[in-house]
Amino acid sequence: MTAPQADGTAEVLATFAVASEPGNERIALRAVATAAADCGLSADQLERLKTAVAEATMNAIEHGNDNRPEVPVEIAVLRTVDAVAVTITDRGGDRAEHGNKEIPDLELKLRGEQRPRGWGLFLVQSMVDDMEVSTHDGLHTVRLTMRTDGPVGPEGDHDAEQL
Amino acid sequence: MQSSCEVTVRRVPDAVVLEMRGDIDSSAAKPLQTAYAETLGAQMAHRVVLDFTAVDYINSTGIAVIVGILAQARAERRVVAASGLSDHYRQIFEITRLSDFIQMYADVDDAIATPTA
């Protein structure tokens, strides 16, 4: 795989899949943290990316793949010249985004006027610089982007990884 | 899903400390709510301190569990404090506005030492 180019071509740092079982988001966040460790993200950025990946993977497991262990959530970690991106793909097709567009409001939740849950998508969007959602052929992909300050990181020793 | 969250209840003057260990996710609801119920027997437990020092991971479902504890405590006119949060989870408490309703302390000793407002 070539190094990231100025035209936006991304280097694939890692690809892997997790079974759609509750709790497997922790496998995803650890693998992403390892793959993105030398990409020039600050410690704070890396923590935020880990949280976003965990939440997006939870959504993919629960809402995309309906907690069916035999259906994988596929994850790729990419690096461009000025960003790290993570794509998380499930088989949820063109569902409404995670079935919940409600903006969480803590005061409403404390008054019992909104359910206690519903923080996932809000956290994802709050943690990263950009989030894009796309659908294609029954697949649903969330792309999370965290920008770096510019070209950084070691070159050439990140082969695609299959976990 | 089996919970990895363990909660130890510690009584101190005018407060009960819930020392959590492990992960705070949906499976933490039962151990946390059980531990919280023990505070009801403490006559002077006007204050509940949630100690996150030994917590490794909090996700959105864990945030929902904390919201539930906070709602119950407020209904009972108890003050809720949090201690030992990492900078990252402190940021999440700010983003979710939990920090507007939960007093935040660096460690449990600070939380205990601070008089109730």
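We name chains A, B, ... by the order of the sequence lines, and we start the count at 1 in each one. FYI, side chains are in, hydrogens and waters are out, and symmetry mates aren't considered; it's all heavy atoms of this structure.
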K.L.:
Taking only Lys NZ, Arg NE, NH1 and NH2, and the carboxylate oxygens of Asp or Glu, determine whether A:Arg117 and A:Glu62 approach each other closer than 4.0 Å.
P.N.:
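Salt bridge: yes.
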K.L.:
Begin from the C-alpha positions of B:Glu19 and B:Thr53 and carry the test side-chain contact (heavy atoms from CB on, under 4.5 Å) through to its verdict.
P.N.:
CA-CA 8 Å; B:Glu19 297 175 337; B:Thr53 302; over 6 Å; no
K.L.:
Is A:Glu21 in contact with chain B via its backbone, its side chain, both, or neither, using a 4.5 Å heavy-atom distance?
P.N.:
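It is neither, since no heavy atom gets under 4.5 Å.
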K.L.:
Is any side-chain heavy atom of A:Val86 less than 4.5 Å from a side-chain heavy atom of A:Leu78?
P.N.:
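Side chain of A:Val86 against side chain of A:Leu78, heavy atoms only: no contact under 4.5 Å found.
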K.L.:
Give the member of A:Glu55, A:Arg111, A:Met127, A:Lys50 that has the highest number of heavy-atom pairs under 4.5 Å with chain B.
P.N.:
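Highest number of heavy-atom pairs under 4.5 Å: A:Glu55.
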K.L.:
Do A:Ile75 and A:Leu46 sit in one hydrophobic cluster, given that two such residues count as connected whenever their side-chain heavy atoms are within less than 4.5 Å of each other, even indirectly?
P.N.:
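They do share one cluster, since a chain of ILVMFWY contacts under 4.5 Å joins A:Ile75 to A:Leu46.
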K.L.:
Side chain, backbone, both or neither: which part of A:Leu110 has a non-hydrogen atom closer than 4.5 Å to chain B?
P.N.:
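For A:Leu110, backbone and side chain are both near chain B.
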K.L.:
Does atom CZ of B:Arg21 have more than 12 heavy-atom neighbours from other groups under 6.0 Å away?
P.N.:
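Counting other residues, nucleotides and ligands, CZ of B:Arg21 stays at 12 neighbours or fewer.
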K.L.:
Decide side-chain contact (heavy atoms from CB on, under 4.5 Å) for A:Met146 and A:Leu41; before the verdict, give the C-alpha distance in whole Å, the side-chain angles of both, and the deciding distance to 0.1 Å.
P.N.:
CA-CA 8 Å; A:Met146 190 71 84; A:Leu41 298 175; 3.6 Å; yes
K.L.:
Listed by residue number, which members of residues 90-100 of chain B have a heavy atom under 4.5 Å from any heavy atom of chain A?
P.N.:
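The list, in residue order, reads B:Gln91, B:Ile92, B:Ile95, B:Thr96, B:Arg97, B:Leu98.
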K.L.:
Below 4.5 Å, heavy atoms only, C-beta onward: do B:Ile66 and B:Phe52 meet side chain to side chain?
P.N.:
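Yes, their side chains come closer than 4.5 Å.
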